Structures are given as C-alpha cells and as structure tokens.
Amino acid sequence: MRVLLVGAGGVGTAVTRIAARRPFFELMVVADHDLARAEAAVTALGPDGDRFRAERVDAGDEAQVTALLERHGCDVLLNATDPRFVMPLFRAARTGGATYADMAMSLSRPHGERPYQECGVKLGDEQFAQAAEWERAGLLALVGMGVEPGLSDVFARYAADELFDEIEEIGVRDGANLTVDGYDFAPSFSIWTTIEECLNPPVVYERDRGWFTTEPFSEPEVFDFPEGIGPVECVNVEHEEVLLVPRWVDARRVTFKYGLGRAFTDTLRTLHLLGLDRTEPVTVPGPDGPVKVSPRDVVAACLPDPATLGDRMHGKTCAGTWVRGTKDGAPREVYLYHVVDNQWSMSEYGCQAVVWQTAVNPVVALELLATGAWSGTGVLGPEAFPARPFLDLLTAYGSPWGLREQ
C-alpha cells in the first residue's frame, strides 16, 4: 500500500507517528500546503521515517492532488484536512483511481426556511450522490473514519451484530475532563470544525420520521463517563454518525450528544451572536489598504493550535456509543467506549489525546484494507464493514476499548 496523506496538522502528524510503527504500507507521502509543516512531521519520525516523504500540495486543487497521487504511485488518499477540502480531495482520489478515506464528511447547509425542523443538505450528501460512480469504477471511498465519526460507528455495528437482537436507540456520547494550563478557552480540536458542527442545526434520526433537525445545544442530559471522567452535561450537536448509522444498522432512533460544558457553549453562542462564526469574508482595514478576511479564520488564528497544547493538557477524553434495546427477550443497555489519557498519549507518541484518538482509527482501517480484512466498492461508512476485526486490531495497537453494562 502506498498512501498519500493530505494534511500535516495535529491529526496528520499523529497519523504518521502511529503508522510508522506498523509494517502494512510501503510508502506514505505527507503533503500539506505548508511544506515546512510536512517536513517537520517526517523529520520528527527520525529513523522510523524512511518510508515517508514530504510534499507541498494545495488540497483545493484537484489536478495538483491527482498529479501527486500519480507521481508517487499512491493507491490510497487519506484526508486529514478540515471539511472544506473534502470534496476536492474526494474527486481527486476517484480521478486518480485511488481508495479514499476521510474523518469528516462533506459539509451540510441548513434548510432555507425551517432550519430547526427540516434538513437542508445533510452531511455527506454530496459524497453519497456520487456512490454509483465509485461503484462503477470499482473504487472505495471510506467516509467518516476517525473516532467520531468512525470508531463510534464501528461500535454501533458491533452492538447490532453481537450484543442485541433489536435496537431501540443508538446515542453517541462524547465527553472529557481535559483542562489546559494557562487558557480559559482552548479547544482541543480544530475550532473551524468545532464551530461548524456545534452551531449548525443538529440532526436526529427516527425510523418513523427519518432525519430531522433541532436547535443547537438542545436536549441537555448528564451522562456519566467511565474511567474517572464522571458526569458531564451533553447536548445535541450536528454529527456524521446520525447520517451514517441508519444506512446500515437498524435502530428506532439515533442521536449524537457532545459533552461541551456550559462555558464552552456560552462562548460559541457569543461567537455566533457577533457573527464571528461566519466563513464569508468581510472587509477590514489593513496597513496596505482594505483586506478581506473570514471571521472564523480570524478566531482560529487568535486561538492556540490544538496540536501544541499537549504539554499543558491534563485529563482524559472518551468517545463512545450508548445502545439500548433487547437481547434474548430481555432489555439491555450498554456503553461501548474508548478512553485516552493525555499523559499516556504524550509520553508514548508526543501527541495530545484528542488528536491521537482521532488519528489511530484511520490507520487501523488502512491496515484492514491492506490485509483484505475490509473490502468494498462505492461510498461506505465504517458500519458497512465487520466490526470485530477492527476492534481486535485497535487493541493490538495498544489502545483497548471497553464495554459497560448500564
């Protein structure tokens, strides 16, 4: 397997450090718009970096990406950029005849008249619209293969296959007790992506109703997270699992709730109130005259790079899937989860917990594709594949998962 990794930020760098310890690939080309950042990711691998190459690429330039795939003979494109670049990279992979994998799907657009009742363009709609073309080409696009979405979807498939006869509800629940020294507000993941998913109308799925929307941060509940994290208030947030799980797993209801905390949600509401969540450029004075800037990009530039926060970060992050249903005629309720301690991920990989937890899952998936344990054509989510090989290999990577009876 020869892999083109596009994006050498926090998650991309973590991908290289995890993959460097595994033998399943021949070459990984690390490409970024900032060549120095790609080179830094490769250089940091030291003697383990002999299978890696650094390149510069504009992720929005399909022809440039396709040419890079062809120049290095890459048969897989792993997208570690933010969701703005999903579609150009998705199309470039198909043009270049490569398997495609990402950790976040094509962007949504709220309904023009009823944004908090009806879906407009849903997450992933643009990708699934091209599924037939991928099937005809005999190619695979594995979408939403991070931790959430990704591992959370694998958990949903595992629950359906091995733990339940009928499923009433699948609810992804994400929470943490992470703190960052010296910062009152320092998101542990890309603020661009965080704003996008938290301020868009959340989507809920019900079998008798289909997909519908509600208001951001709605239906608060307190969820007790394992391994010492404890109770965290979780709220509805737009996320890919709600759009993916019902396509392959039969459940009456599917939700996603994020443990953001009251201070975090208040900050996001303030950004929205001031228009600082907007992506459309505004004109501001500059030293050489007026310049156009995106307010959201300004917010991102004012905050610390999440990849650099590991040394100041303390605590654990938990991604998991809560499932309620019946088994052998009796009610059952479980929480399948994966916890990463920041102290461990920093000492073992030099990566903070959230980006490491996101990065490990696509690497596991690539190894399953390389060995043939996973295979397919078209546009498929993680729950389209058998779960047990993934969970076994994740454990073999030294990062076991857990199951708690509720």
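From a predicted model like this one, the values you see are computed outputs, not experimental measurements.
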Side-chain (N236) to main-chain (P202) donor-acceptor, under 3.5 angstrom: no
Show your working on side-chain hydrogen bond (donor to acceptor under 3.5 Å, both in side chains) between E166 and T326 and close with a plain yes or no. CA-CA 5 Å; E166 292 187 10; T326 58; 4.5 Å; no
Heavy atoms from other residues, nucleotides or ligands near CD of Q406 exceed 12 (cutoff 6.0 Å): yes
Residue pairs passing the salt bridge (charged side-chain N to carboxylate O under 4.0 Å, His left out) test with at least one member in residues 296-307, sequence neighbours excluded, are R84-D297, E196-R296
Do you see a donor-acceptor pair shorter than 3.5 Å between the side chains of D311 and Q352? no
Around Q343, counting heavy atoms of other residues, nucleotides and ligands shown, do more than 12 lie under 6.0 Å from its CD? no
Considering all heavy atoms of both residues, which atom of Q117 and which atom of T213 are nearest to each other, and what is their separation? N-OG1, 2.9 Å
More than 12 heavy atoms from other groups under 6.0 Å of CZ on R247: yes
Does some side-chain heavy atom of T99 sit less than 4.5 Å from a side-chain heavy atom of L77? no
E221 with K257: basic N within carboxylate O range, under 4.0 Å: yes
Any T214 side-chain heavy atom under 4.5 Å of Y116 side chain: no
Let me have the donor-acceptor pairs involving side chains of residues 266-274, under 3.5 Å, with sequence neighbours excluded, atom names and distances please.
from	atom 1	to	atom 2	distance (Å)
T267	OG1	A263	O	3.0
T270	OG1	D266	O	3.0
H272	ND1	D277	OD2	2.8

State, yes or no, whether a side-chain contact exists between V298 and L276 at a heavy-atom distance under 4.5 Å. no
L368 vs F385, test: side chain to side chain contact (heavy atoms under 4.5 Å, CB included). Steps then yes/no. CA-CA 10 Å; L368 292 174; F385 301 90; over 6 Å; no
So do the side chains of P83 and T193 get within less than 4.5 Å of each other, counting heavy atoms only? yes
Is there a side-chain contact between L4 and M28, using heavy atoms and a 4.5 Å cut-off? no
Counting N and O atoms only, with roles assigned by atom type, does the side chain of E126 sit under 3.5 Å from a partner on the main chain of S106, one being a donor and the other an acceptor? no
Run the side chain to side chain donor-acceptor pair (under 3.5 Å) test against R114 and tell me which residues pass, sequence neighbours left out. E118
Indicate whether the side chain of E241 and that of S152 have a donor and an acceptor atom separated by less than 3.5 Å. yes
Under the criterion side-chain hydrogen bond (donor to acceptor under 3.5 Å, both in side chains), I'd like the reasoning laid out for Q64 against D58: C-alpha separation, chi angles, the key distance, then a yes or no. CA-CA 7 Å; Q64 193 179 124; D58 177 355; 5.2 Å; no
Less than 3.5 Å apart, any donor N or O on the side chain of D181 or H314 sitting next to an acceptor on the other? yes
Residues which pass ring-ring contact (aromatic ring centres under 6.0 Å, His included) with Y100, listed by chain and number, not counting sequence neighbours: F90
How would you list, by chain and number, every residue that makes a side chain to side chain donor-acceptor pair (under 3.5 Å) with T321, sequence neighbours excluded? none
Quick one: sort the W356 and Y349 rings into parallel, tilted or perpendicular, breaks at 30° and 60°. tilted
E238 meets the side chain to side chain donor-acceptor pair (under 3.5 Å) criterion, sequence neighbours left out, with S108, N200
Applying side chain to side chain contact (heavy atoms under 4.5 Å, CB included) to V254 and V172, what does each step give before you reach the verdict? CA-CA 8 Å; V254 183; V172 180; 5.9 Å; no
Identify all side-chain donor-acceptor contacts of residues 386-393 below 3.5 Å with residues at least two apart in sequence or on another chain.
from	atom 1	to	atom 2	distance (Å)
R388	NH1	D392	OD1	3.3
R388	NH2	Y158	OH	3.0
R388	NH2	E162	OE1	3.4

Criterion salt bridge (charged side-chain N to carboxylate O under 4.0 Å, His left out) on R56 and D34, from CA distance to verdict: CA-CA 6 Å; R56 186 197 177 281; D34 182 348; over 6 Å; no
Does NZ or CZ of R173 lie under 6.0 Å from the centre of the six-membered ring of F256, at an angle within 45° of the ring axis? no
Tell me, please, which residues at least two apart from W211 pass ring-ring contact (aromatic ring centres under 6.0 Å, His included). Y205
Does a side-chain heavy-atom distance below 4.5 Å link H338 with Q357? yes
Mind checking ring-ring contact (aromatic ring centres under 6.0 Å, His included) for F223 and listing every partner two or more places apart, or none if nothing turns up? F225, Y335
Could you tell me which residues satisfy ring-ring contact (aromatic ring centres under 6.0 Å, His included) with F185, sequence neighbours excluded, listed by chain and number? F264
Salt bridge between E168 and R253, side-chain N to carboxylate O under 4.0 Å? no
Are R157 and D161 within salt-bridge range, i.e. N to O under 4.0 Å? yes
Those residues that, when tested against R109, pass side chain to side chain donor-acceptor pair (under 3.5 Å) (two or more places apart): none
Is any side-chain heavy atom of M103 closer than 4.5 Å to a side-chain heavy atom of L78? yes
For E39, does its backbone N or O pair with a side-chain atom of T43 as donor and acceptor, under 3.5 Å? yes
Is there side-chain contact between L140 and V379, with at least one heavy-atom pair below 4.5 Å? no
For A365 and W374, work out which heavy atoms get closest and say how close. CB-CZ3, 4.1 Å
Side chain to side chain contact (heavy atoms under 4.5 Å, CB included) for D102 and M145? Distances and angles first, verdict last. CA-CA 6 Å; D102 62 29; M145 191 60 255; 5.9 Å; no
Stepwise, does the ring-ring contact (aromatic ring centres under 6.0 Å, His included) test hold for F25 with F52? CA-CA 10 Å; F25 66 97; F52 294 79; 5.5 Å; yes
Using the salt bridge (charged side-chain N to carboxylate O under 4.0 Å, His left out) rule, collect all pairs that involve residues 16-26, keeping only residues at least two apart or in two chains. R2-E26, R21-E348, R22-E367
